[in-house]
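Order of the sequence lines fixes the chain letters, A, B, ..., with proteins taken first and strands second; residue numbering starts at 1 for each chain. Just so it is clear, the values below take in all heavy atoms, side chains as well, and ignore hydrogens, waters and symmetry mates.
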Amino acid sequence: MSGSSIENNQEIPESSAPPNFIRHFIEEDIQTGKYDGRVVTRFPPEPNGYLHIGHAKSICLNFGLSIDYHGACHLRFDDTNPEKEEVEYVESIEADVRWLGFDWKDHLYFTSDYFDKLYDYAVSLIQMGKAYVDSLSAEEIRRYRGTLTEPGKDSPYRNRSVDENLALFEKMKEGHFDEGACVLRAKINMAAPNMVMRDPALYRIRKASHHRTKDKWCIYPMYDFAHCLSDSIERITHSICTLEFENNRELYDWILDALNVYHPRQIEFARLNLSYTVLSKRKLIELVTNGHVTGWDDPRMPTISGLRRRGYTPESIRKFCERIGVAKRDSMVDLGLLEYMIREDLNKKAHRVMAVLNPLRVVIENYPEEQTEMLTAVNNPGEPDMGTRQLPFSKVLFIEQDDFMEEPPKKFFRLSPGREVRLRYAYFLTCTGVVKDDNGLVVELRCTYDPATRGGDAPDGRKVKSTIHWVSADHAIDAQVRLYENLFSSENPATEEDFKLCINENSVQALSGCKVEPSLATAMPGFQCQFERLGYFCVDTRDSTPGNPVFNRTVTLKDMWAKIKDR
RNA sequence: UGAGGGUUGGUGCAGCGGCAGCACGACGGGUUCUGACCCCGUUAACCAAGGUUCGAAUCCUUGACCCUCAGCCA
């Protein structure tokens, strides 16, 4: 907890993060000494699913604020609905937050740990005449609530005496009633213009076993009741949530005021929307349970675990969350920005290697039959400290099918009959002939090399228009490579009639028989590299085995040729 | 048509009474042993109309459009 703070002129730490309205509020509160200069935030996930990139925005915001203002950020599981929540989810959430690089120290909490206190608060409310047990059915309550334009009307049970309410609530807790028989409601105003304030339910009966409290309780607090009080109990200063809770703020404030307890400030911001993806838990669960993807960590999923398996780094995700900013307006962030961030990060971190995805055999006719020589390649041209490695070169190579065209269009700079290109880190190579199969498909190239260009430069100073990657046929390792694209073909799947109808059928393309350079033989699961000229890839953490490496494409390189090609 | 929010280049975010800026994208050029990275340049915005002011994206008024709320989900 930061300083004792008597004076109002607290130092506001500088930060790399761009300004936003939440920071303005916090700085204002520090300035006025509203919370004695303290800044305590919280990330309050419900453990009913895996975390996704949208949660990352909230995590980076809340933990980032606590770091920049020298405060704390609590990780609190909002586990008030036993029917949907599981320990598997709490474990994955903890792992994902940690992986993202954040530390909640010893501030790990569960709303379920507060059930006793919450119950007492409910009793207090009843005693003050501000809550009552309603015996209307769920259906009746709905009808009594009124509509957006018409006021609701009071429940016939609204004026039960305090003693009767106390007794009834006690019986609810003791399990005397069936689910749905009654509910504890705040006594506010059935004619309130804000629907949230029309006597909201505070407690409901659920005869389900809770993942932590087991069968101790059969009544569970609703979000509106539990959340504000949990914030209060933990002495949170700024309770940051998404826009859809804006209407609930009035209730948040009402409950804390009614109970006259410590009162955090709720601030709402717009949740993340990402083009070509869905970020609603319901839809994500549907993708998993209906088998549209292989699991929560399918590399096409926008979940933290999916992005991790895809090859995204915590740094790139944090950077992304910083770049998109925080505001109140609904917006749609371009998926391209996320891709830019991972390229930027991996550009300086990833080893360059050569891999041929769609091999085309090349025979160098003037290269000695049994010869193999080792050539030096740099691991990262931008980072000399990352060193060099040796690449075997021999008479028969594989190059990328896309790097050869028998009849090249004007802007095609790569290999074609009679043309000379450079083999990266090796020699100049000239195509002298093609070998075709019975269908007329090119199956092999006959080429010559220039021994004087060893290492990649011509002594006579002549230039080539392009450099292509290659592997030595005898030395290359076979690999499987998975190329991923957007999971959805619609920019905003959520607005489609059925989001499942716009699932991209080509979202994954599994290639086998790919040829990668031998240095990759020892690559461990999770290893990230750039396949030169193709993109960033990582060794899959689930399906890769020592003898049969499997690579996932994290993201392509920017591809100017692809653009030129289709115009 | 109740209540609560929102509206700045193609996208996202700043600017909070004093020259509208940053990032991504797009486009053009330079560089290059990755058609990558990098570098340079161009493009392009204050929802509308009134008002206050020497001066308005910013303050006021009116309007338009968009989002959220009628769970015993969160």
Side-chain angles (χ1 to χ4, degrees), chain A residues 18-21 24 44-46 48 78 80-81 83-84 134 136-138 141-143 145-152 179-185 191-198 200-206 219-220 222-224 226-227 241-250 268 270 275 281-282 322-334 336-341 343-344 347-348 352 354 377-378 380-382 411-414 421-426 428 455-457 463-469 530-535 556-565:
Chain A
N20 62 51
F21 77 101
H24 291 327
E46 181 188 12
N48 68 344
D78 207 349
T80 57
N81 186 349
E83 293 171 336
K84 293 185 179 174
D134 195 351
L136 248 28
S137 69
I141 285 182
R142 189 165 60 76
R143 283 207 306 271
R145 188 153 27 224
T147 69
L148 295 178
T149 50
E150 301 161 306
E179 283 189 16
C182 53
V183 73
L184 182 72
R185 290 228 257 170
N194 180 357
M195 300 288 291
V196 171
M197 300 299 277
R198 319 246 259 229
L202 267 22
Y203 264 90
R204 77 286 215 189
I205 298 167
R206 283 289 174 278
I219 57 172
Y220 292 90
M222 300 286 293
Y223 165 85
D224 286 307
H227 200 87
C241 61
T242 45
L243 249 31
E244 65 269 27
F245 293 104
E246 242 167 350
N247 296 326
N248 299 56
R249 188 176 63 234
E250 191 177 354
E268 311 85 12
S275 61
K281 258 187 211 178
R282 200 211 97 226
E322 184 179 309
R323 266 275 162 255
I324 59 177
V326 180
K328 294 198 73 158
R329 74 182 94 149
D330 294 304
S331 60
M332 171 78 71
V333 174
D334 191 335
L337 187 63
L338 218 209
E339 297 184 334
Y340 173 83
M341 292 302 163
R343 283 192 190 103
E344 181 186 50
N347 178 48
K348 52 180 200 283
R352 271 57 172 171
M354 292 205 278
V378 310
N380 188 329
K411 292 284 186 60
F412 185 85
F413 300 148
R414 283 110 94 145
V421 299
R422 173 166 39 231
L423 292 171
R424 184 121 160 109
Y425 298 124
F428 282 11
D457 288 303
K463 302 290 185 198
V464 288
K465 297 204 74 172
S466 113
T467 298
I468 65 174
H469 60 277
Q530 183 197 97
F531 286 176
E532 293 224 25
R533 305 206 302 131
L534 298 174
T556 60
L557 251 29
K558 256 180 70 182
D559 189 352
M560 191 53 73
W561 168 239
K563 248 180 227 171
I564 296 168
K565 194 169 48 177

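Rounded to the nearest Å, the gap between the C1' atom of B:C54 and that of B:C13 is 32 Å. B:U43 and B:A23 have their P atoms separated by 16 Å, given to the nearest Å. Taking the C1' atom of each, B:U31 and B:G35 are spaced 13 Å apart, rounded to whole Å. Atom C1' of B:G51 sits at a distance of 25 Å from the matching atom of B:C19, rounded to the whole Å. Across B:C37 and B:A45, the matching C1' atoms stand 30 Å from one another, rounded to whole Å. Distance check on atom C1': B:G18 versus B:A56 gives 10 Å, rounded to whole Å. Of the C1' atoms belonging to B:C22 and B:A44, the separation is 15 Å, rounded to the nearest Å. When the P atom is compared between B:G9 and B:C69, the two are found 26 Å apart, to the nearest whole Å.
Using a 4.0 Å heavy-atom criterion, one finds that A:Val326 contacts the sugar-phosphate atoms exclusively. Within 4.0 Å (heavy atoms only), A:Met341 reaches no atom of the nucleic acid at all. As judged by a 4.0 angstrom heavy-atom cut-off over every strand, A:Ser137 is placed among the base-contacting residues. Using a 4.0 Å heavy-atom criterion, one finds that A:Phe245 contacts the bases of the nucleic acid, with or without backbone contacts as well. Residue contacts for A:Ser331: at a heavy-atom cut-off of 4.0 Å it reaches the sugar-phosphate backbone alone, with no base atom in range. No engagement by A:Leu184 is indicated, since no non-hydrogen atom pair under 4.0 Å with the nucleic acid exists. At a threshold of 4.0 angstrom between heavy atoms, the contacts of A:Phe531 with the nucleic acid are absent. Across all strands shown, A:Asn20 has heavy atoms under 4.0 Å from sugar-phosphate atoms exclusively, and none from any base. Among the protein residues, A:Arg206 comes within range of the nucleic acid bases, having at least one heavy atom under 4.0 Å from a base atom. No contact: A:Lys281 has no heavy atom under 4.0 Å from any strand. Contacts of A:Ala327 with the nucleic acid, taken as non-hydrogen atoms under 4.0 Å apart, involve only primed sugar atoms and P, OP1 or OP2. Residue contacts shown for A:Leu534 are absent, as no nucleic acid heavy atom lies under 4.0 Å away. Among the protein residues, A:Gly180 comes within range of the nucleic acid bases, having at least one heavy atom under 4.0 Å from a base atom. Across all strands shown, A:His227 has no heavy atoms under 4.0 Å from either base or sugar-phosphate atoms.
The distance from atom CZ of A:Arg424 to atom P of B:U32 is 14 Å, rounded to the nearest whole Å. Atoms CZ (A:Arg185) and C1' (B:G71) sit 12 Å apart, rounded to a whole Å. When the P atom of B:A14 is taken as reference, atom CD of A:Glu322 falls 13 Å away, rounded to whole Å. Put simply, CZ on A:Arg145 is 9 Å from C1' on B:C72, counting in whole angstrom units. Atom CD in A:Glu339 sits roughly 16 Å away from atom C1' in B:A26 (whole-Å rounding). Atom CG of A:Asn248 is separated from atom P of B:U68 by 14 Å (rounded to the nearest Å). Distance A:Leu423 CG to B:U34 P: 13 Å, rounded to the nearest Å. Atom-to-atom, CD1 of A:Ile205 to C1' of B:G71 comes out at 16 Å; the value is rounded to the nearest Å.
Separating the CG atom in A:Asn380 from the CZ atom in A:Arg352 is a distance of 4.0 Å, to the nearest 0.5 Å. In this structure, NZ in A:Lys463 is found 7.0 Å from CG in A:Asp457, a value given to the nearest 0.5 Å. One finds the CG atom of A:Leu534 at 10.0 Å from the OG1 atom of A:Thr556 (value rounded to the nearest 0.5 Å).
In this structure, A:Leu243 and A:Lys328 have side chains that are in contact, with non-hydrogen atoms separated by less than 4.5 Å. Residues A:Arg185 and A:Ile141 have side chains in contact (heavy-atom distance under 4.5 Å, counting atoms from C-beta outward). No side-chain heavy atom of A:Leu184 sits under 4.5 Å from any side-chain heavy atom of A:Met222. Contact check for A:Phe412 versus A:Lys565: no side-chain heavy atoms found under the 4.5 Å cut-off. Put simply, the side chain of A:Tyr340 does not reach to within 4.5 Å of the side chain of A:Arg323, judged on heavy atoms. Using a 4.5 Å heavy-atom cutoff, the side chains of A:Val421 and A:Thr467 are not in contact. Here the side chains of A:Asn247 and A:Glu268 are not in contact, with every heavy-atom distance at 4.5 Å or above. Here the side chains of A:His227 and A:Thr80 are not in contact, with every heavy-atom distance at 4.5 Å or above.
Two residues, A:Asp457 and A:His24, neighbour RNA chain B, and the one matched to the more 5' nucleotide by heavy-atom proximity is A:His24.
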How far apart are the C-alpha atoms of A:Lys84 and A:Glu46, what are their side-chain angles, what is the distance that settles it, and do they pass the salt bridge (Lys or Arg N to Asp or Glu O under 4.0 Å) test? CA-CA 9 Å; A:Lys84 293 185 179 174; A:Glu46 181 188 12; 5.7 Å; no
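Annotation: A:Lys348, atom NZ; neighbour count of heavy atoms from other residues, nucleotides and ligands within 6.0 Å is above 12.
Proximity note for A:Phe412 (side chain, C-beta onward) versus B:G12, B:C73, B:G35: the nearest is B:G35. When distances are taken from the side chain of A:Arg414 to each of B:U68, B:C73, B:G35, the shortest belongs to B:G35. Which of B:C22, B:A74, B:A26 sits closest to the side chain of A:Arg323 comes down to B:C22.
Here A:Arg424 pairs with A:Glu532 in a salt bridge; the nearest charged N to carboxylate O distance falls below 4.0 Å.
Minimum interatomic distance between A:Arg533 and A:Gln530 (heavy atoms only, all atoms of both residues): N-OE1, 4.1 Å.
For A:Arg198 (side chain) and A:Thr147 (main-chain N/O), a donor-acceptor pair under 3.5 Å exists by modelled atom type.
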Under 3.5 Å, which N/O atoms of the protein pair with N/O atoms of nucleotides 36-40 of chain B?
from: B:C37; atom 1: O2'; to: A:Asn347; atom 2: ND2; distance (Å): 2.8

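A glycosidic torsion no more than 90° from 0 defines the syn conformation; B:G51 lies beyond that range and is anti.
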So what is the 5' to 3' dot-bracket string for RNA chain B, if pairs are Watson-Crick or G-U wobble with both distances under 3.5 Å, crossing pairs use [ ] and | means the partner sits on another strand? .((((((..((((....[..))))((((((.......))))))...(((((..]....))))))))))).....
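By the stacking rule of 5.5 Å between ring centres and under 30° between planes, A:Trp561 stacks on the base of B:G35.
Phosphate proximity of B:G35 to A:His469: absent, as no side-chain N or O sits under 4.0 Å from OP1 or OP2. Put simply, A:Thr80 has a side-chain N or O that comes within less than 4.0 Å of OP1 or OP2 on B:A74. Side-chain N/O atoms of A:Arg204 include none lying less than 4.0 angstrom from OP1 or OP2 on B:G71.
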Going 5' to 3' through nucleotides 1-9 of chain B and flagging B where a protein heavy-atom sits under 4.0 Å of the base, S where only the sugar-phosphate is that close, and - otherwise, we get SBSSSSSB-
